Undergrad: 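Below is a structure I'd like to ask you about.
Order of the sequence lines sets the chain letters (A, B, ...), proteins ahead of strands, with each chain counted from 1. Model, not experiment: these values are computed from the prediction.
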2 protein chains.
Amino acid sequence: MLTNEPISNLRTHLGYWLRVVSNAISQNFARKVSAEGVTVAEWVFLRMLFDAESIAPSQLAENMGMTRGAISKLSDRLFEKSLIEREENPDDKRAHTLALTNAGRALVPRLARLADENDAEFFDKLPHEERLRLERILKSIVSQRDLKNIPIG
Amino acid sequence: MLTNEPISNLRTHLGYWLRVVSNAISQNFARKVSAEGVTVAEWVFLRMLFDAESIAPSQLAENMGMTRGAISKLSDRLFEKSLIEREENPDDKRAHTLALTNAGRALVPRLARLADENDAEFFDKLPHEERLRLERILKSIVSQRDLKNIPIG
DNA sequence: TCATTATAGTTTCCAAGTAAACTATAATGA
DNA sequence: TCATTATAGTTTACTTGGAAACTATAATGA
């Protein structure tokens with residue numbers, strides 16, 4: 001050996017434990033929303049449209065931390081499921097706007113319940129104080145590293 | 001509205017913040033290890049082989065929380081890169097054993113350094129006490145939910 | 001023994017993302 | 001004005017994973 005430094009174990013990294021928990025939460029949530037016929041990325045997409053009323057695909061790409069190509073394909077799928085509408089902007093024929101259909105708008109509250117349930121399954125058994133600490137620590141990392149988006153994958 | 005319950009915002013869920021941080025850490029690490037020509041899944045694979053000396057693909061699938069199919073394909077890639085060897089078990093022609101090549105064994109310490117660096121980038125600025133709290137909270141969720149594996153995706 | 005069942009690993013088909021090329025339209029500025 | 005450049009969205013080629021079918025071999029038990 002040219003160095004005395006030990007080869008660190010996977011479990012020595014906080015990032016490892018974060019990934020284990022985060023992926024378990026996401027997979028559990030994916031299972032729940034699949035019962036409503038959507039994916040986690042589709043949930044995020046629909047939830048953002050719910051607030052935005054209408055939004056450009058490129059803006060959504062920015063907000064979701066995904067490429068425009070990915071948003072384009074996500075839109076195709078949600079359109080096929082009749083959950084969103086797409087309109088060409090009359091002032092700028094390059095631009096589109098996306099909006100929820102009535103079906104899409106009706107689905108969001110059900111998905112939001114599933115998200116609440118999912119979070120509760122993982123965190124409700126923590127003492128309230130611990131939940132606050134966890135939230136504070138995570139948000140401090142987000143602001144320290146200036147993390148803006150929701151990278152899905 | 002049929003219900004008075006508000007539609008919860010994405011940012012109200014702890015799972016959301018966990019995913020933001022976890023994905024940022026993984027993406028940052030992916031960028032680092034790509035300079036060494038490997039992916040995050042390949043790092044985990046190599047690190048496990050480093051300890052195990054030799055291991056069966058199905059055992060590795062179990063340990064990594066991936067399917068045998070995925071391990072089969074991961075093995076192909078690592079074999080192509082001359083980082084692992086595959087041998088047929090003479091006692092049971094169905095079974096294989098995997099082991100690191102010298103090149104693979106030489107790579108692991110460099111990747112372990114990158115993992116250390118990556119963790120430090122995200123967590124070194126936290127007070128020591130906070131790091132311990134975060135670790136304790138995450139591990140308590142792991143044990144409470146009996147999370148066993150490293151789901152990569 | 002040998003038909004049946006189980007196990008190990010591989011392969012095929014599919015899903016959903018990225019990067020980068022591509023198309024259409026708009027904005028800019030010499 | 002109109003050639004050049006920028007922007008919006010789509011498409012293509014590729015990556016990497018899962019699910020399930022498939023192949024080869026081993027174990028079981030009537």
Side-chain angles (χ1 to χ4, degrees), chain A residues 19 23-24 26-31 33-34 37-46 54-81 84-99 149-153, chain B residues 19 23-24 26-31 33-34 37-46 54-81 84-99 149-153:
Chain A
R19 187 174 60 186
N23 288 351
S26 290
Q27 286 185 4
N28 201 58
F29 186 52
R31 191 178 45 70
V33 295
S34 76
V38 299
T39 65
V40 175
E42 288 167 4
W43 147 248
V44 175
F45 189 118
L46 295 172
S54 91
I55 192 170
S58 55
Q59 183 60 51
L60 202 52
E62 171 75 17
N63 295 349
M64 290 182 66
M66 295 175 74
T67 62
R68 286 172 300 150
I71 294 296
S72 180
K73 285 178 277 190
L74 252 174
S75 297
D76 288 345
R77 296 194 299 263
L78 291 169
F79 184 80
E80 281 305 307
K81 294 177 188 174
I84 66 166
E85 296 169 332
R86 286 194 272 204
E87 252 179 56
E88 218 180 52
N89 184 331
D91 298 336
D92 182 345
K93 288 184 185 170
R94 294 170 305 179
H96 293 185
T97 49
L98 305 173
N149 306 320
I150 316 172
I152 299 287
Chain B
R19 186 174 60 184
N23 287 351
S26 290
Q27 286 186 3
N28 200 60
F29 186 53
R31 193 177 45 69
V33 295
S34 76
V38 298
T39 66
V40 175
E42 287 167 5
W43 147 249
V44 174
F45 189 119
L46 294 172
S54 92
I55 193 171
S58 55
Q59 183 60 51
L60 202 52
E62 171 75 19
N63 295 348
M64 290 182 66
M66 296 175 75
T67 62
R68 286 171 300 149
I71 295 296
S72 179
K73 286 177 274 189
L74 253 175
S75 297
D76 288 345
R77 285 180 249 143
L78 291 169
F79 184 79
E80 281 305 308
K81 295 177 188 174
I84 65 166
E85 294 169 332
R86 285 194 274 205
E87 253 180 55
E88 218 181 51
N89 184 332
D91 297 338
D92 181 344
K93 287 183 184 169
R94 293 170 306 180
H96 293 184
T97 49
L98 306 172
N149 306 320
I150 315 172
I152 298 288

Undergrad: Send over the distance from D92(B) CG to dA6(C) P, rounded to a whole Å.
TA: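 For the pair D92(B) CG and dA6(C) P, the rounded distance is 17 Å.
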Undergrad: Check the distance between dA8(C)'s P and L60(B)'s CG and give it to me in whole angstrom.
TA: 14 Å
Undergrad: Just by distance, no angles: are the side chains of N63(B) and Q59(B) close enough, under 3.5 Å, to form a donor-acceptor pair?
TA: yes
Undergrad: First locate atom OG1 of T39(B), then atom CG of L78(B), and finally report the distance between them rounded to the nearest 0.5 Å.
TA: 7.5 Å
Undergrad: When rounded to the nearest 0.5 angstrom, what is the spacing between CE in M66(A) and CG in L74(A)?
TA: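 Going from CE on M66(A) over to CG on L74(A), the span is 5.0 Å.
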Undergrad: Does some side-chain heavy atom of E42(A) sit less than 4.5 Å from a side-chain heavy atom of V33(A)?
TA: no
Undergrad: Rounded to the Å, how far apart are F45(A) CZ and dG17(C) C1'?
TA: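 Distance, rounded to whole Å: 15 Å.
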Undergrad: Show me the dot-bracket string of DNA chain D, counting Watson-Crick or G-U pairs under 3.5 Å, with | for pairs to another strand and [ ] for crossing ones.
TA: ||||||||||||||||||||||||||||||
Undergrad: Which atom pair, heavy atoms only, marks the closest approach of M64(A) to A41(A)?
TA: CE-O, 3.4 Å
Undergrad: Atom CG of N23(B) and atom P of dG17(C): how far apart are they, to the nearest Å?
TA: 12 Å
Undergrad: Applying side chain to side chain contact (heavy atoms under 4.5 Å, CB included), run through R31(A) and N28(A) and close with a yes or a no.
TA: CA-CA 5 Å; R31(A) 191 178 45 70; N28(A) 201 58; 2.8 Å; yes
Undergrad: In this structure, how many angstroms lie between the C1' atom of dA27(D) and the CG atom of D91(B), rounded?
TA: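 Atom CG in D91(B) sits about 15 Å away from atom C1' in dA27(D).
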Undergrad: M64(B) has an atom CE; how far is it from atom C1' of dT16(D), in whole Å?
TA: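 Distance check: M64(B) CE to dT16(D) C1' gives 12 Å.
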Undergrad: Looking only at the side chain of L74(A) (C-beta and beyond, no hydrogens), which of the listed nucleotides dG17(C), dG17(D), dT18(C) gets closest?
TA: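 For L74(A), the side-chain atoms sit closest to dG17(C).
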Undergrad: When rounded to the nearest 0.5 angstrom, what distance separates CZ in R86(A) from OG1 in T97(A)?
TA: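 R86(A) CZ to T97(A) OG1: 11.0 Å, rounded to 0.5 Å.
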Undergrad: Please name the pair of heavy atoms, one in V38(A) and one in K81(A), separated by the smallest distance, quoted to 0.1 Å.
TA: CA-NZ, 4.1 Å
Undergrad: Measure the spacing between CD of E87(B) and CG of L98(B) and express it to the nearest 0.5 Å.
TA: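 Going from the CD atom of E87(B) to the CG atom of L98(B) covers 10.0 Å.
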Undergrad: Grab the CD-P distance between E80(A) and dT10(D) for me, whole Å please.
TA: 13 Å
Undergrad: Roughly how many Å is it from CG in N89(B) to C1' in dA26(D), rounded to a whole number?
TA: 12 Å
Undergrad: Generate the contact string for nucleotides 9-16 of chain C. Rules: B means base contact, S means sugar-phosphate contact only, - means no protein heavy atom under 4.0 Å.
TA: BBBB---S
